[in-house]
Protein chains: 2
Amino acid sequence: MHKIGDFSRLSQVSVKALRYYDEIGLLKPAHIDPFTNYRYYSSEQLPRLNRILALKDLGLSLEQIGLLLVDELPVAAMQAMLSDKQAEIARAVEEQRARLARVEARLRQIEREGQPPAYDVVLKPVEPQLVLGARDVVACYGSGDELFGRVVQHLGRHGLDPASCYPLQTLYYDPEYRESDVDMMVAAPLPRPVPDGDGVHVEELPGVRVASVVHQGPYDALGGAYRALLEWLDTHRYCITGPNRNLYLQGPGDDADSATFVTEIQFPVEPRHPHAAG
Amino acid sequence: MHKIGDFSRLSQVSVKALRYYDEIGLLKPAHIDPFTNYRYYSSEQLPRLNRILALKDLGLSLEQIGLLLVDELPVAAMQAMLSDKQAEIARAVEEQRARLARVEARLRQIEREGQPPAYDVVLKPVEPQLVLGARDVVACYGSGDELFGRVVQHLGRHGLDPASCYPLQTLYYDPEYRESDVDMMVAAPLPRPVPDGDGVHVEELPGVRVASVVHQGPYDALGGAYRALLEWLDTHRYCITGPNRNLYLQGPGDDADSATFVTEIQFPVEPRHPHAAG
DNA sequence: GCGAAAAGTCCCCGATCTTGTGCATCACGC
DNA sequence: GCGTGATGCACAAGATCGGGGACTTTTCGC
């Protein structure tokens with residue numbers, strides 16, 4: 001029988017840890033003096049302690065180890081828990097590798113451009129939203145004004161302040177970039193349903209995961225933001241799964257100078273080849 | 001200007017988190033109403049928030065991000081921090097992969113043997129220790145009794161109780177297993193130096209990292225423990241760097257039945273090919 | 001347009017999660 | 001009297017989340 005200090009030296013486990021393992025029931029001393037409360041450990045408890053250390057080394061929590069150390073545990077249970085752990089670690093490794101790839105990509109970008117990236121791409125979910133939409137094929141990207149007019153007018157007709165339908169947005173349905181004959185929709189989120197009308201209709205935009213960037217400044221510089229986002233999608237192996245959206249977070253309607261316009265670009269995406277990331 | 005809730009919806013960052021970022025100075029609202037203390041955020045703050053999210057996604061802490069977001073930060077500083085992070089993640093990946101390998105090895109072992117391993121190998125440091133040693137080439141493994149005798153006698157001559165020189169141990173110096181003519185030493189840790197004597201000497205055993213298993217039961221079953229340990233060293237790519245030791249934690253001298261003998265086997269080791277673990 | 005109810009916001013304290021470490025205080029015994 | 005043991009509380013580390021009580025703002029009914 002060893003006092004806790006001796007057992008600690010023997011096992012290279014700190015006294016505090018031994019007391020903690022006692023407290024959580026993982027390794028009770030072989031004997032406790034009822035008068036002094038001194039803990040006494042037996043050499044025969046070393047194998048159990050070593051098993052605890054070995055399982056801890058596999059990444060199992062003390063709680064899980066406690067479950068595994070129950071006597072007569074079916075082998076299948078041990079296998080199940082280790083398999084779970086295996087899957088968990090594999091997932092963690094994959095995630096870390098992806099993160100490493102992201103860090104490397106950013107480093108390379110700084111290297112290449114000599115400065116931090118101008119745009120930061122973030123992935124985020126967008127909730128489904130009920131919108132009033134005006135969709136049409138227009139001559140060019142700049143000629144959606146008439147669609148905005150339709151939407152704002154219709155909102156007014158049904159007692160909705162356009163400011164309460166924030167943010168106004170546009171969606172682009174062409175599968176590839178087009179200079180002319182652009183299939184686009186202007187959409188305004190609705191706090192409550194309204195009837196359809198002349199050239200406008202109510203629909204629910206689906207919820208999607210998007211990659212987004214926020215552009216600040218006049219619209220003629222939006223191209224850089226688009227390029228940055230598309231390049232990011234390429235580098236990080238995402239593919240586009242739906243019409244992209246522009247959200248006019250701060251625009252001409254907000255009494256703002258064009259230098260302070262704020263526009264968010266969203267592309268619905270999903271990972272491409274998740275198993276071939278490296 | 002948006003109230004915190006609106007900005008939260010816009011950015012998909014929780015209100016709580018926004019308040020926290022304010023508190024730690026990472027993202028102060030563009031305006032705070034001096035009467036109500038309401039926070040008001042501007043759309044133009046979204047790029048900064050997105051940069052925060054992007055850096056967070058790279059695994060940087062909020063504190064580090066705060067350092068990186070200082071205006072006019074030299075590019076080199078950003079690169080340095082990202083490089084550090086890159087190295088850190090690479091290390092983490094490597095460690096996780098090693099752990100994954102350990103879990104897989106254990107699973108395979110259970111698969112193969114149909115039951116959990118009988119021995120758990122743990123790596124641990126052993127401190128240097130001053131010992132009284134009796135070294136000789138003896139006929140076979142079992143014939144070290146005379147060496148034990150020498151040591152115990154010498155201890156007694158200098159007023160030391162063998163019980164205070166715990167645990168007695170043996171070291172085996174042959175570079176490979178031998179059936180006969182075994183070069184071994186019996187050693188007893190010393191609480192204080194004693195003079196050398198007939199066939200015994202004082203020396204300091206070096207501190208080493210060892211792989212160890214604990215065997216419980218009679219000595220004729222020690223072979224299984226040895227095999228388990230050596231197999232583990234092979235599987236986990238460790239090589240032996242010194243004489244192995246047996247520690248007699250509970251043995252014939254402790255009033256014990258041979259079924260309750262407890263012996264620890266230690267092999268000094270170091271990793272073999274650390275870069276070729278997978 | 002007014003009052004009341006509902007929703008949003010404030011700040012502050014504490015919990016989370018894990019595996020312990022550090023410190024203070026008191027008891028035991030060689 | 002010093003080393004060792006006991007107990008118990010606090011703290012750690014990081015990034016929030018939860019809840020409570022007090023205000024403020026918005027909305028809804030009339």
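Side chain of R99(A) to backbone of D57(B): a donor-acceptor contact under 3.5 angstrom is found.
Y21(B) pairs by the ring-ring contact (aromatic ring centres under 6.0 Å, His included) definition with nothing, not counting sequence neighbours. Legend: residues meeting ring-ring contact (aromatic ring centres under 6.0 Å, His included) with Y166(A), ordered by chain and number and at least two apart, are H2(B). In terms of the side-chain contact (heavy atoms from CB on, under 4.5 Å) criterion, residue partners of A54(A) (sequence neighbours excluded) are, by chain and number, R106(B), D120(B).
Counting 5' to 3', DNA chain C first comes under 4.0 angstrom of a heavy atom of chain A and last does so at the ends given by dT19(C) to dC23(C).
Counting non-hydrogen atoms under 4.0 angstrom, R39(A) reaches the backbone sugars and phosphates but no base.
Taking the six-membered ring for Trp, W232(B) and Y238(B) have ring centres closer than 6.0 Å.
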inquiry  = For a quick check, with a 4.0 angstrom heavy-atom cut-off, what is the B/S/- contact string for nucleotides 14-19 of chain D, read 5' to 3'?
reply    = -BBBBB
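Counting heavy atoms from C-beta outward, R209(A) and E270(A) have side chains that stay 4.5 Å or more apart.
Atom-to-atom, NE2 of H31(A) to P of dA6(D) comes out at 12 Å; the value is rounded to the nearest Å.
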Kindly give the atom pairs (protein nitrogen or oxygen, nucleotide nitrogen or oxygen) under 3.5 Å for nucleotides 24-30 of chain D.
{"residue": "dT24(D)", "atom": "O4'", "partner": "Y38(B)", "partner atom": "OH", "Å": "3.2"}

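Under the 4.0 Å criterion applied to side-chain N and carboxylate O atoms, E94(A) and R97(A) are assigned as salt-bridge partners.
No side-chain N or O of E127(A) forms a donor-acceptor pair with one of Q129(A) less than 3.5 Å apart.
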